[in-house]
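All values below were derived from every heavy atom in this structure, side-chain atoms included, with hydrogens, water molecules and symmetry-related copies excluded. Sequence lines set the chain letters: A, B, ... in the order given, protein chains first and strands last, and positions in each chain run from 1.
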Amino acid sequence: MVGVSLSRWTMSYFAAALVALLVAEFLMTIGYGFPAAAQAAPETLILVHIVAIGWLSLLMCGALLQFVPVLVVQPLHSDRLALPALGSLIAGLAALIIGFLQLAGHVDRDIPAFALAGVLLGSGFALVVWNLGRTVVAAQTIPLASRFVVAGLACMAATAGLGIIFALVFGGTVTYRPLAVLTGAGLPVHVVAGLGGWLSFTAMGVSYRLLAMFMLAPELEGRTTKGCLYLGVAALVLAIGGGVLTILFDQDPEFVLLAAAAVGLMALMLYGGDVLHLYRARKRRHIELNSRMAALALASLAASVALIIVLLPLGRLTDHIGAVVFLIAFGWLSGLGLAQLYKIVAFLTWLECYGPVLGKAPTPRVQDLVTEARALKWFVLYFLAVWTGTIALLASAALVFQITAAAMLIASGGIVAELVRTRRLADVKAVSRLPLGVQRPRLLLSYHA
Amino acid sequence: MTDTFVDLDVRPTLRAGGEPFQQIMETVTALAPGQGLRLLATFRPVPLFSVLGAKGFSYEAKELDGGDWEVVFRPAQAASTAESASAAPADDTTSWPEPVQQLDNRDLDPPEPMVRILAATEAMQAGDVLCALLCREPVFLLPELAKRGHAWRGDFEPDGKTYRILVRIGAAGRAAA
């Protein structure tokens with residue numbers, strides 16, 4: 001074991017993901033998709049998949065390529081597989097968008113877009129799962145946090161599997177009845193597997209380690225964390241496995257999903273307790289911007305759960321599912337993603353540039369690569385816009401929502417500009433920016449020094 | 001217990017004036033449990049014997065026709081290497097001198113522990129040993145130590161919370177010279 005090196009293509013994943021975020025926010029600003037269009041309209045599906053695959057999944061995949069090796073103390077199985085996986089996912093997303101445009105009648109070319117999307121997205125996600133899976137299998141220790149990630153990857157496979165079935169049925173490639181039935185009723189399972197299993201459960205696992213690491217808090221491996229893992233996995237198995245089986249037997253999956261939600265709620269409560277403990281037990285009193293902003297993302301998660309708990313007994317959850325999904329995707333997942341990106345990009349850039357000369361020449365600190373005071377306003381604007389946007393959706397105020405989407409776009413643009421400045425070492429004092437032997441990093445990929 | 005050997009010929013690298021140490025260590029790292037290494041070199045790589053010895057390998061060296069050497073490294077205790085590749089066998093620490101410097105980096109914000117260890121190693125003499133306490137396995141430090149030619153041994157203390165690393169200055173570099 002000689003430690004872990006920089007993942008070469010992680011920055012490329014991050015860049016592609018951020019472009020997708022800006023595109024999605026632009027589309028929301030001009031009123032494309034929900035709420036101006038129906039929740040199941042092709043325009044909304046395009047928007048949702050730009051967010052779920054283009055932004056959140058690429059962000060998560062890029063982060064995991066670097067983070068899974070750190071978690072399990074094992075070099076990444078293959079650095080090379082990361083690039084074809086990225087290409088395949090981007091091309092697959094493009095094909096999926098074309099497929100939805102065909103559904104909407106905006107593209108009348110006769111190309112098998114859905115089938116292509118199925119193949120490309122399937123191979124892209126499979127390459128990522130294979131690469132990370134082999135890394136975990138080769139590892140000698142599997143800490144608790146990485147078990148969340150493994151469960152998350154299994155949910156990613158389930159989400160992609162269901163999505164591919166939907167795409168093949170939509171595209172007319174497959175007419176097998178059970179798959180058509182699944183396509184008709186399986187959307188909630190697809191959403192739960194993707195947002196809840198793949199993105200949220202993985203983010204929870206990663207956050208356990210990142211929060212402990214950046215706040216100097218004790219690693220949690222105790223009963224509450226194990227309970228969160230087991231209950232979470234039980235909820236996901238129930239929702240995905242149970243949901244699919246119920247649908248295949250021509251039953252309404254609502255009851256199974258409710259049962260899964262109850263178990264999932266217990267897991268989330270344990271997670272909430274653990275996270276509060278991490279913030280309280282930290283040794284580092286003054287925490288950095290990423291940990292402070294992560295708290296706002298965690299608050300958004302709590303707010304999403306509270307919203308579900310309030311809407312469900314009122315029978316209004318279906319009416320307001322758009323607002324709930326929006327808050328989960330942008331408040332919790334995107335908020336946490338942007339906050340941690342701010343630290344991770346700085347750290348990886350610092351390690352790439354200055355690691356080789358540490359101790360040999362004066363080098364800047366990681367915090368010298370960023371200007372937190374300047375970035376803070378973008379993060380505050382971002383979260384305020386997301387929360388206002390959620391209220392606008394609940395109140396069906398489409399115009400207000402578009403204005404908040406514009407604010408999100410501006411805030412995200414500001415954060416992206418900060419990330420580019422970090423990557424370019426623009427905030428490092430000129431005297432210490434490039435000591436002898438240090439090369440300026442490339443924007444989109446990392447050297448193996 | 002040794003089932004198979006991985007062959008590594010560093011003679012082309014050496015003849016081209018190159019530095020095969022990292023290549024050798026990467027190959028050793030990639031060995032499966034129970035696997036050995038068959039190394040071909042242009043000289044008898046004496047220093048490597050102690051470096052790989054510290055990793056639990058025994059060796060047999062024989063001179064080939066033409067003055068080149070073939071060295072076979074066997075995992076002496078296949079079980080101990082399989083159990084923890086990052087942990088040097090406990091009885092092995094006696095062969096290193098007492099640390100000349102101690103660092104307690106457990107309460108430092110990352111990546112300050114790595115910065116301080118690398119800064120300390122730059123100020124030390126070849127052969128000196130540094131001891132540092134950390135609160136997690138320093139995954140990004142280890143490749144940097146290897147690149148700088150330092151040997152290291154590290155493992156968690158029995159409490160499972162403190163990671164203790166010993167760094168011997170230039171020990172790996174001399175092995176490759």
Handout entry: Test side chain to side chain contact (heavy atoms under 4.5 Å, CB included) applied to A:Phe148 and A:Ser207, A:Cys228, A:Pro143, the passing residue
Key = A:Cys228

Exercise for the section: Would you indicate whether A:Arg223, at its atom CZ, is surrounded by more than 12 heavy atoms from other residues, nucleotides or ligands within a distance under 6.0 Å? Expected result: no

Exercise for the section: Could you tell me whether B:Gln125 atom CD has more than 12 heavy atoms of other residues or ligands within 6.0 Å of it? Expected result: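 No, because the 6.0 Å sphere around CD of B:Gln125 holds 12 heavy atoms or fewer from other groups.
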
Fill in the blank from the handout: Exactly one candidate in A:Gln367, A:Arg365, A:Arg284 meets side chain to side chain donor-acceptor pair (under 3.5 Å) with B:Asp109; the answer is A:Arg284

Problem - Interchain contact, B:Arg136 with chain A, by part (heavy-atom threshold 4.5 Å) - result: side chain

Exercise for the section: Tell me, for B:Leu108 versus chain A, whether the close heavy atoms (under 4.5 Å) come from the side chain, the backbone, both or neither. Expected result: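 For B:Leu108, backbone heavy atoms alone lie under 4.5 Å from chain A.
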
Problem - Test: B:Arg153 cationic atom under 6.0 Å from B:Trp96 six-membered ring centre, within 45° of axis - result: yes

Of the backbone (N, CA, C, O) and the side chain (C-beta and beyond), which part of [X] lies under 4.5 Å from a heavy atom of chain B, both, or neither?
X	value
A:Glu219	side chain
A:Tyr354	neither
A:Lys360	both

Practice task
Heavy-atom pairs under 4.5 Å with chain B are the metric here; pick the option from A:Thr363, A:Leu216, A:Thr141 that has the most.
Solution key: A:Leu216

Exercise for the section: Verify, without hydrogens or angle tests, whether B:Arg74 (side chain) and B:Ser58 (backbone) share a donor-acceptor contact under 3.5 angstrom. Expected result: no

Exercise for the section: May I ask you to name which of B:Pro111, B:Ala32, B:Ala30 has the most heavy-atom pairs under 4.5 Å with chain A? Expected result: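 Greatest number of close heavy-atom pairs with chain A: B:Pro111.
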
